[in-house]
Number of protein chains: 2
Amino acid sequence: MPDTPGSAEPSIEEQIAAYQREFQDLDPQVEKVVSALSRLNRRMNVAYGRQTAELGISNAEWEVLKALVLAGVPYRLGPGDLAKRLGLTPAAMTHRIDRMVAEGLVTRERDENNRVRVIVGLTEEGRSKWLEAMRMATVFEEELLQDLSGEERGRLGEMLIRLLRRVETTQPDAGGRLRDLD
Amino acid sequence: MPDTPGSAEPSIEEQIAAYQREFQDLDPQVEKVVSALSRLNRRMNVAYGRQTAELGISNAEWEVLKALVLAGVPYRLGPGDLAKRLGLTPAAMTHRIDRMVAEGLVTRERDENNRVRVIVGLTEEGRSKWLEAMRMATVFEEELLQDLSGEERGRLGEMLIRLLRRVETTQPDAGGRLRDLD
DNA sequence: GCTTCGAACTTTACTGTTGAACTCTTCAGG
DNA sequence: CCTGAAGAGTTCAACAGTAAAGTTCGAAGC
């Protein structure tokens, strides 16, 4: 089960011992992997949040910038498409774009060829914020993995992708949004 | 950087190629690990969310139940303590407890010895929901790891914990809440 | 034994997200 | 053409979270 954060955070080992006390048939090895995954992810999000905050944007805004950049030149996508890629409802996307337009990170125009469509485009400022965030992120990530040899990194990545494939087969996206529940 | 979800989800490899196109000095091996971690976590949360939804609770409520059970008999904690363990503000905890009391998952009483304090206790129903969720979670987790040998599981857990220690040293909790920044 | 300080929780006002209802365009059929 | 259905985006009400102000009780000094 996903780990529960907390300041008075017990070590993973302590926590697993507590679980075993309350729930006998628990595989500690499995639990260790799952708990560590969950904690690690939380810590990483905190780190990313601090970095983006330094740039005066939120992680949420960073995600929009990423999606636009990954789309490639000319860095333009419709709100609906963006919403799908970010795993948000169209309604949330509308609001997020409102803010980002106000902050000058993206532009919103109507598509002249199909006036029902809207096009969100990256501004110069948006692109440079993305670049800056990317630089900080890669520095952090390199630090994070510094204790692992190149060979270990490869094995770790390979195992994680194997897990990912496993989840994806038992849980196909099936068009549904894939967002964190709760 | 954390992965951006999405339905039209490209494979990790495709996504990394796109990043490299836009940002030259990116270490693909590091990126692979980081992206896989992020995606995996999201998928896992979706899975947990489906399971808890079957029980008629949310992941958020499940977290409260977990904290109470992990506290050990008599399964009682104050709202402030709970808030710390879950990485929430006290205000959010108040509201969450409101709901859970209404649903019969926990009780809220004033501490008779110190009438400023409040005590949140697990109900029978709360405990049994936790147990049920735990059963489902462990089944899912075993499935998730089924492609890894025992030895691989051990190595994976060990590497993840090494990463975790690394973030924890560079990012001590320092009393601050450790929640996902958006 | 008042008074003041601080701790524990709640209240209030605001932000971001969701689901459902709504608007506006496009397009296909009669 | 004109109508009706489908698609894209926005609006609206409700909900969960935060920060900051408010309340209430307990404890420490004088």
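Below, chain A is the first sequence line, B the second, and so on; all start at residue 1.
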Under 3.5 Å, which N/O atoms of the protein pair with N/O atoms of nucleotides 2-8 of chain C?
residue, atom, partner, partner atom, Å
dA8(C), OP1, Arg117(B), NH2, 3.2

Subject >> salt bridge (charged side-chain N to carboxylate O under 4.0 Å, His left out) involving Glu158(A) - partner list, sequence neighbours excluded >> reply: Arg162(A)
**OP:** Please determine if a side-chain N or O atom of Arg99(B) lies less than 4.0 Å away from the OP1 or OP2 oxygen of dA14(D).
**Re:** no
**OP:** Flag the pair Glu132(A) and Lys129(A) as a salt bridge only when some basic side-chain nitrogen lies within less than 4.0 angstrom of an acidic carboxylate oxygen.
**Re:** no
Subject >> Atom pair distance, as rounded to whole Å: CE in Met93(A) and P in dG19(C) >> reply: 16 Å
Subject >> Separation of dA8(D) C1' from Ile119(A) CD1 (nearest whole Å) >> reply: 13 Å
Subject >> Test side-chain contact (heavy atoms from CB on, under 4.5 Å) applied to Gln24(A) - qualifying residues, sequence neighbours left out >> reply: none
Subject >> Stretch residues 105-114 of chain A: residues that reach within less than 4.0 Å of DNA chain D through a heavy atom >> reply: Arg108(A)
**OP:** Please report, rounded to the nearest Å, how far the P atom of dG17(D) is from the CG atom of Asn59(A).
**Re:** 18 Å
Original post:
ring-ring contact (aromatic ring centres under 6.0 Å, His included) with Tyr75(A): which residues, sequence neighbours excluded?
Top reply: none
**OP:** Look at the side chain of Arg115(A) and decide which nucleotide, out of dT10(C), dT26(C), dG19(C), has an atom nearest to it.
**Re:** dT26(C)
Original post:
Whole Å only: how far is the CD1 atom of Ile57(A) from the P atom of dG16(C)?
Top reply: 14 Å
Original post:
Could you state the NE2-P distance from His95(B) to dA14(D), rounded to the nearest angstrom?
Top reply: 17 Å
**OP:** Provide the full list of ring pair (Phe, Tyr, Trp, His ring centres under 6.0 Å) pairs with a residue in residues 85-122 of chain B, sequence neighbours left out, each pair given once.
**Re:** none
**OP:** With sequence neighbours excluded, tell me which residues meet salt bridge (charged side-chain N to carboxylate O under 4.0 Å, His left out) with Glu124(B).
**Re:** none
Original post:
Could you state the CG-C1' distance from Leu88(A) to dT18(C), rounded to the nearest angstrom?
Top reply: 10 Å
Subject >> For atom CG of Leu86(A) and atom P of dG16(C), their distance in whole Å >> reply: 15 Å
Original post:
Do the non-hydrogen side-chain atoms of Pro79(A) and Val120(A) ever get within less than 4.5 Å of each other?
Top reply: yes
**OP:** Using atom CD1 of Ile97(B) as one end and atom P of dA16(D) as the other, report the distance to the nearest whole Å.
**Re:** 14 Å
Original post:
How would you list, by chain and number, every residue that makes a side chain to side chain donor-acceptor pair (under 3.5 Å) with Arg117(B), sequence neighbours excluded?
Top reply: none
Original post:
With Asp111(A), which residues qualify under salt bridge (charged side-chain N to carboxylate O under 4.0 Å, His left out), at least two apart?
Top reply: none
